[in-house]
Protein chains: 2
Amino acid sequence: MEDLDRQIVQLLVTDGRMSYTDLGKATGLSTSAVHQRVRRLEQRGVIRGYAAMVDPEAVGLPLTAFISVKPFDPSAPDDVPDRLSDINEIEACHSVAGEENYILKVRVGTPGELEHLLSRIRTLAGVSTRTTIVLSTPYEARPPLT
Amino acid sequence: MEDLDRQIVQLLVTDGRMSYTDLGKATGLSTSAVHQRVRRLEQRGVIRGYAAMVDPEAVGLPLTAFISVKPFDPSAPDDVPDRLSDINEIEACHSVAGEENYILKVRVGTPGELEHLLSRIRTLAGVSTRTTIVLSTPYEARPPLT
DNA sequence: GCTGAAAGCCCGTCTAC
DNA sequence: GTAGACGGGCTTTCAGC
């Protein structure tokens, strides 16, 4: 990727609401040139979208956990991500190499909700689970420096 | 949290660049009322900021991994997050309950870079590591529905 | 805490290079 | 691919309730 695009991406990752005018000042381009480049970055899928970053505790989700998942029947068709995609408590689903097949990142309000979520996951996807509770998060979602 | 604030947060998590005018239309508030609420949500730390979401592969970071970390000397002062905070490849650092002390999420370009990163982590923080390679990511960073 | 209005700035587009 | 300009819309602030 070109250096100007890289700069623009970097700026927008740090401040997703920065105006095209300010992006232009920061990169030395005109407003319309920046605008055009941003649109192309969005269309090419480099920029997938924009989001407010929210404090999970402030919205009632103080409990984070990683759940490693392994199918009961390793010969069954593997559609775990599809089966779990409607569960809003699951923030992320990664297919991984190793002892387990998937790592899920989940957020809930209470241990009771986590217990209930685990049983939903086990029955919906036909998997066994290994859960790692997050005690605190020194940092998270830091933008990739490229 | 109040319902109107919840609506606003939900909308901004889904589209971080939505205008205050549109937020007002969606919530039935005036533009200035929305603006005021958003500022208070930002000041209270409910909204931590805004970010463009970037495709890691498109910016040269196709390889994601989780690194579980455990100090060589369990009696030494635990300042692992501080010691690692300058490493840009580390996207997140969670303190966890379980066999290991921390889970790191990292993004790099190549296996060679991962190898180098692991040795930096081990020497900088005085830890042993267990690495789980991500093969694919069916979904990630889904907004918490509250 | 919300509304409504007013001024300034930004967005989005178009034309020209 | 970039610069410059223009109209419409948005942001931001300030009374007023």
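Chain identifiers are assigned alphabetically (A, B, ...) following the order of the sequence lines, protein sequences preceding nucleic acid strands; residue numbering begins at 1 within each chain.
Take the nearest nucleotide of DNA chain D for A:Arg17 and for A:Leu29: the residue whose nucleotide is more 5' is A:Leu29.
Geometric assessment of A:Arg107 against the ring of A:Phe66 yields a negative cation-pi assignment under the 6.0 Å and 45° thresholds. Remark: B:Arg130 fails to qualify as a cation-pi partner of B:Tyr102 under the 6.0 Å distance and 45° angle criteria applied to the six-membered ring.
Using a cutoff of 4.0 Å between basic side-chain nitrogens and carboxylate oxygens, A:Glu100 and A:Lys70 are not scored as salt-bridged. Using a 4.0 Å cut-off between a side-chain N of Lys or Arg and a carboxylate O of Asp or Glu, B:Glu2 and B:Arg37 qualify as a salt bridge. A salt bridge does not link A:Arg142 to B:Glu91: none of the charged nitrogens lies less than 4.0 Å from a carboxylate oxygen.
Using a 4.0 Å cutoff on non-hydrogen atoms, no part of residues 41-50 of chain B comes near DNA chain C. For the segment residues 2-15 of chain A, no residue has any heavy atom less than 4.0 angstrom from an atom of DNA chain C.
Atom CG in A:Asp22 sits roughly 13 Å away from atom C1' in C:dC11 (whole-Å rounding). For B:Met18 and D:dG9, the CE to P distance is 18 Å, given to the nearest whole Å. Atom NZ of A:Lys25 is separated from atom P of C:dC11 by 10 Å (rounded to the nearest Å).
Without hydrogens or angle criteria, A:Glu113 side chain to A:Gly109 main chain gives a donor-acceptor distance under 3.5 Å.
When the nucleotides D:dT2, C:dC10, D:dC10 are ranked by their closest atom to the side chain of A:Ala33, D:dT2 comes out on top.
Note on B:Ser30: a base of the nucleic acid sits closer than 4.0 angstrom, heavy atoms only.
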Test salt bridge (charged side-chain N to carboxylate O under 4.0 Å, His left out) on B:Lys105 and A:Glu140 and set out the steps. CA-CA 9 Å; B:Lys105 182 182 179 186; A:Glu140 186 176 23; over 6 Å; no
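Side-chain atoms of A:Thr129 and A:Arg122 include a donor-acceptor pair closer than 3.5 Å.
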With 3.5 Å as the limit, what N/O pairs link the protein to nucleotides 6-8 of chain D?
none

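Scored by the salt bridge (charged side-chain N to carboxylate O under 4.0 Å, His left out) test, B:Asp79 finds B:Arg83 as partners (sequence neighbours excluded).
Checking B:Ile103, B:Val127, B:Thr132 one by one against B:Ser68, the side-chain contact (heavy atoms from CB on, under 4.5 Å) holds for a single residue, B:Ile103. Under the side-chain contact (heavy atoms from CB on, under 4.5 Å) rule, B:Ile121 has a single partner from B:Leu84, B:Thr131, B:Val80, which is B:Leu84.
Listed by first and then second residue, the side-chain hydrogen bond (donor to acceptor under 3.5 Å, both in side chains) pairs involving residues 44-63 of chain A are A:Glu42-A:Tyr50, A:Arg48-B:Asp55, A:Asp55-B:Arg48 (not counting sequence neighbours).
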Readout for nucleotides 12-17 of chain D: B = base within 4.0 Å of protein heavy atom, S = sugar-phosphate only, - = neither; 5' to 3' it is BB----
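Using a 4.5 Å cut-off between side-chain heavy atoms of Ile, Leu, Val, Met, Phe, Trp and Tyr, with links allowed through other members, A:Val46 and A:Tyr20 fall into the same hydrophobic cluster.
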